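The structure presented is a predicted model; accordingly, all values stated were derived computationally and were not measured.
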Amino acid sequence: MILRVSPPSWKWQKVVSNYKNTPSHSSMKLEQAIAKIKKQAENELSSVGLAKDIEVLKVKYLGKKGLVGDLMPLLKTATPEERPVFGKLINDLKLFLTSCFNNILNDLSLKERNVQLENEAIDVTLPGRRSSFGRKHVTLRLLEEATEILRGMGFTVQYGPEIESEYYNYDALNFPKDHPAKDMQDTFYITTDTLLRTHTSNTQVRVMETSRPPIRIIAPGVCFRNEDVSARSHVTFHQVEGLYIDKNVTFTDLIGTLKNFFKRLFCRDLKMRFRPSYFPFVEPGMEVDIHCIVCEGKGCSVCKQTGWLEVSGAGMVHPEVLRSGGVDPEEYTGYAWGFGIERLAMLQYGIKDIRQFFENRVGFLSQF
Ligand code: PHE
C-alpha cells in the first residue's frame, strides 16, 4: 500500500534545529525513540489493507498504554530546558500519527464501501422475474356471468343452505317417501334427516315461505351427489336455480326466458332442444339440451358423440310444491329450472372432462 500522507503538523527538522546546546544523553534516547516510533508506524501503515486493522494500530500507538504514551516516563529524564522541546516533539508525533490514521482510514473505508457497492450492485437492465397473479376459478366466473345476465332479466339472488334438511331437499318438493334419489346411493346423509343438498331446488320452498308472489329469484350454489366420478359427472358441482311465480306464468314464458338467457351467455343464437322428463317438483317437466357448439353437432367427446349436451332440468312448478310453500295453486302458477354450471363451462370452453374443474391444476385454470 502506498502512503500518501504528508501531515502538515510534523515539524521534526525545525524542532531538532532548535537545540541551542548539545543534547543530553537521555534526550538523545528520547529523540531516537520518537524517530523509531515514527518509522515503525509508517512501515506498519504502509502494509495495512483493511480499515479494521487501522483501528488496531491506532490503539497500539495512541491508546492509553500505547507506544506514544510509553515515551512520557522518558520525558521526565530530560533536562528542564529540553523538556518543553521534547514535549512538543511528542505532541507533534501524536498529531502526525492521528492525521495519518485518519487519512488512511478514510481512504480504506471509501475503498471498502466501493467494493461493497460493487458486490451488491443490481443490474437494472436484467429482465424482471414475472410474478403470477391469482384469478377467479372458471366455475365462479361463469356463475357470476350467468348471475349478471339473469339479474339483468329481473331476477334477484337468494342463497339456500348447502347442509339441508331432508324436508326442503326432498319432501317439500313432492318427492315420494321412497323415491330412489333419496337413497344412500345418491345422497350424502349427515344424519337420518340432514344431508348435503343434492340440488339448488332446496331453495324453492324456503323462498316461498318467506316472500309472497310475484317471486322471481335465482339461487346459485354448490351441490353434492354420491355418484361415481367420471368425465361427465362429479360428486360436487354447481347449479343455478331459477324460480318465477306469479299470476298467469306459462310454459312459453319459461322457454322464452331460457332461450334468451342462453343466447346472451353464449353470445349467439343456439339450437335448443326440449325433451319431456320427470322431476317430482314440476309438471310438465323437461330436460333442456343445447346443440354442441364444440363440434357444431358433428359429435365429440364433450357431447358424447350425440351433438347435444344436456344443460338443465326445467318445468312448471308442481301445485303440491306451491302448496308446501303456502302459495295458492288456484291463483298462481310458476316455472323453475336448474342448470349445471360445469356443463355450461364445458360447452363454452370445449372442456372434455368435468374432473378438471376440481383438480385445480394451474395449467388448466390459468387458461381462463
Ligand atoms: N333440481 C333438478 C336437478 O338437479 C333440476 C330442476 C330444477 C328440474 C328445477 C326442474 C326444475 O336435476
For [X] against [Y], the heavy-atom pair lying closest together:
X: Tyr159; Y: Thr203; answer: C-CG2, 4.3 Å
X: Ala146; Y: Ile341; answer: CB-CD1, 4.4 Å
X: Pro180; Y: Asp186; answer: O-OD2, 3.5 Å
X: Phe368; Y: Arg141; answer: C-NH1, 2.9 Å
X: Ser233; Y: Asp228; answer: OG-O, 3.3 Å
X: Pro213; Y: Ile245; answer: CB-O, 3.8 Å

Taking everything shown except [X] itself, do over 12 heavy atoms lie less than 6.0 Å from its [atom1]?
X: Leu50; atom1: CG; answer: yes
X: Asn248; atom1: CG; answer: no
X: Arg212; atom1: CZ; answer: yes
X: Asn119; atom1: CG; answer: yes
X: Glu118; atom1: CD; answer: no
X: Lys259; atom1: NZ; answer: no

[X] (side chain) donor-acceptor with [Y] (main chain) under 3.5 angstrom:
X: Arg197; Y: Val222; value: yes
X: Arg323; Y: His318; value: no
X: Arg343; Y: Val311; value: no
X: Ser277; Y: Gly285; value: no
X: His199; Y: Asn169; value: yes
X: Asp253; Y: Thr250; value: yes
X: Glu287; Y: Arg275; value: no
X: Thr210; Y: Val207; value: yes
X: Arg273; Y: His291; value: no
X: Glu342; Y: Phe357; value: no

For the [atom1] atom of [X] and the [atom2] atom of [Y], what is their distance to the nearest 0.5 Å?
X: Phe251; Y: Ile255; atom1: CZ; atom2: CD1; result: 4.5 Å
X: Asp107; Y: Asn102; atom1: CG; atom2: CG; result: 12.0 Å
X: Leu270; Y: Asp289; atom1: CG; atom2: CG; result: 12.5 Å
X: Leu67; Y: Lys36; atom1: CG; atom2: NZ; result: 9.0 Å
X: Glu227; Y: Thr187; atom1: CD; atom2: OG1; result: 10.0 Å
X: Asp53; Y: Leu108; atom1: CG; atom2: CG; result: 8.5 Å

message = Show, in sequence, the C-alpha distance, side-chain angles and deciding distance for Asp269 and Lys263, and conclude whether the side-chain contact (heavy atoms from CB on, under 4.5 Å) test is met.
response = CA-CA 5 Å; Asp269 261 322; Lys263 185 176 168 182; 3.4 Å; yes
request  = Determine, stepwise, if the pair Cys223 / Thr200 fulfils side-chain contact (heavy atoms from CB on, under 4.5 Å).
outcome  = CA-CA 7 Å; Cys223 307; Thr200 45; 3.9 Å; yes
Is any side-chain heavy atom of [Y] closer than 4.5 Å to one of [X]?
X: Glu44; Y: Lys60; result: yes
X: Asp353; Y: Glu359; result: no
X: Arg135; Y: Leu365; result: no
X: Phe279; Y: Asn174; result: no
X: Arg268; Y: Ile293; result: yes
X: Pro220; Y: Val157; result: yes
X: Pro280; Y: Tyr170; result: no
X: Val68; Y: Ile34; result: no

query = Of all residues at least two apart in sequence or in a different chain, which pass the side chain to side chain donor-acceptor pair (under 3.5 Å) check with Glu144?
reply = Lys136
note = Sorted by chain and residue number, the side chain to side chain donor-acceptor pair (under 3.5 Å) partners of Thr194 (sequence neighbours excluded) come out as Thr191
query = Hey, which of Phe155, Tyr244, Phe274 is the one that makes ring pair (Phe, Tyr, Trp, His ring centres under 6.0 Å) with Trp337?
reply = Phe155
key: Any residue meeting side chain to side chain contact (heavy atoms under 4.5 Å, CB included) with Glu55, in chain and number order, not counting sequence neighbours   = Lys58, Leu105
ask   = Could you walk me through whether Arg151 and Glu148 pass the salt bridge (charged side-chain N to carboxylate O under 4.0 Å, His left out) check?
value = CA-CA 5 Å; Arg151 271 156 53 97; Glu148 267 325 291; 3.2 Å; yes
message = Is the distance from the ring center of His234 to that of Phe358 below 6.0 Å?
response = yes
message = Could you go through Leu309 and Arg232, starting from their C-alpha distance and side-chain angles, then the distance that decides it, and tell me whether this counts as side-chain contact (heavy atoms from CB on, under 4.5 Å)?
response = CA-CA 11 Å; Leu309 199 75; Arg232 293 168 59 83; 3.7 Å; yes
key: Donor + acceptor pair across side chains of Gln367, Tyr349 (<3.5 Å)   = no
request  = With side-chain contact (heavy atoms from CB on, under 4.5 Å) as the test, would you mind laying out the steps for Gln239 and Phe339 before giving the verdict?
outcome  = CA-CA 5 Å; Gln239 285 188 336; Phe339 53 72; over 6 Å; no
ask   = Does Val327 share a hydrophobic cluster with Tyr167, counting links as ILVMFWY side-chain heavy atoms below 4.5 Å and allowing steps through other members?
value = yes
